[in-house]
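Notes follow once the structure below has been shown.
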Amino acid sequence: MNAFLELLRKRRSTRQFTDEPVGADTIRTLIDATFMAPSSKNTRSTRLAVITDRELLGKLSTMRPSGAGFVKDAPMAFVVMGDQTAADLWLDNCAISATVLQLAAESEELASCWVHVHGRPHTDDPADGTAEEYVRGLLGTPADYRILCLVAVGHPAATHKPHVPRDEDREKVIYFR
Ligand SMILES: Cc1cc2nc3c(=O)[nH]c(=O)nc-3n(C[C@H](O)[C@H](O)[C@H](O)COP(=O)(O)O)c2cc1C
C-alpha cells in the first residue's frame with residue numbers, strides 16, 4: 001500500500017493527548033500544508049487562528065453543550081475560518097482546508113480531532129446565541145471571518161484501530177458504464 005493510502009487508513013479522530021507541546025516548526029509545517037489545499041477559483045479564503053494559550057483553550061472547550069469538552073486538555077488547536085468577502089464558497093474551502101490540516105497532522109505523527117462550530121448553538125438555550133458567535137467573541141476576529149470548526153492537535157495518548165475498506169461503502173457507489 002502506498003504511503004498516502006496508509007495515512008488515510010491510520011488517521012482516526014483522537015481526543016486524548018499527552019502534555020507534550022506541538023513544536024513551533026511543526027505548527028509552521030501544518031500551517032503551510034493547510035494553505036496548499038485547493039480552493040474554489042483559487043480564492044484562498046481560508047484563515048487560521050493558532051491557539052496554544054491554555055486559558056483560551058479552556059474557554060473554547062465550552063463553546064458547545066457537548067462535543068468540545070476535550071479541547072481544554074489539548075496542547076493546541078487551530079480555528080479554521082473563511083473570509084466570506086473572499087469567496088462565496090468559503091465554507092467548502094474551509095472544509096477542505098481542515099481535512100488537509102488533519103492529514104498533515106497525521107503525517108507528522110500527531111493526532112487530531114475536528115470540533116464543529118458552524119451552525120451549532122452555544123448552549124441548549126437559543127437565547128445564548130451560536131457557537132460561532134461565542135468563539136468569535138473570544139478571539140476578537142472580524143465578523144467576515146466565518147468559523148467552520150476547530151481542529152485540536154497533539155501527540156496521541158490513545159490509539160484507535162485504522163480504517164479498513166468496508167463492503168457497505170462500496171455499495172454507496174453508482175456506476176454508469
Ligand atoms: C463535519 C465534522 C464535524 C465533527 N464534529 C465533531 C465534534 O464537534 N466533536 C468531536 O469530538 N468530533 C467531531 N468530529 C469527528 C467525528 O466524530 C469523526 O470524524 C467520526 O466519528 C469518524 O471517526 P474518525 O475521524 O476516527 O474516522 C467531526 C467530524 C466532522 C467531519
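In listed order, ligands and their atoms are each counted from 1. Small disclaimer: the values here were computed from a predicted structure and weren't measured.
- Checking side-chain atoms of Q102 against main-chain N and O of T99 turns up no donor-acceptor pair under 3.5 Å.
- Within the structure, ligand 1 lacks R120 among the residues with a heavy atom less than 4.0 angstrom away.
- Within 6.0 Å of CG in D125 there are more than 12 heavy atoms belonging to other residues, nucleotides or ligands.
- Between H122 and Y134, the two ring planes are parallel [angle under 30°; tilted spans 30° to 60°].
- Taking the six-membered ring for Trp and thresholds of 30 and 60 degrees, W114 and H116 have nearly parallel ring planes, at less than 30 degrees apart.
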Verdict with reasoning, D25 to R28, per salt bridge (Lys or Arg N to Asp or Glu O under 4.0 Å)
CA-CA 5 Å; D25 289 350; R28 166 60 64 186; over 6 Å; no

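- Under 4.0 Å from ligand 1, not a single heavy atom of C149 appears.
- In this comparison of K161, H116, R15, the heavy atom closest to atom 17 (O) of ligand 1 sits on R15.
- At least one N/O-N/O distance between G67 and ligand 1 falls below 3.5 Å.
- Distance check on atom 20 (C) of ligand 1: every protein heavy atom falls at or beyond the 4.0 Å cut-off.
- Interface of C113 with ligand 1, defined as ligand atoms under 4.0 Å from a residue heavy atom, comprises 10 (C), 11 (O), 12 (N).
- Under the 4.0 angstrom criterion, atom 2 (C) of ligand 1 counts as having a protein heavy-atom contact.
- Using a 4.0 Å cut-off between charged side-chain N and carboxylate O, K59 and E55 make a salt bridge.
- Remark: the backbone N or O of R12 is paired with a side-chain donor or acceptor of T14 at under 3.5 angstrom.
- Residue-ligand proximity, R12 to ligand 1, at heavy-atom distances under 4.0 Å covers atoms 24 (P), 26 (O), 27 (O).
- Not a single heavy atom of H160 lies less than 4.0 angstrom from ligand 1.
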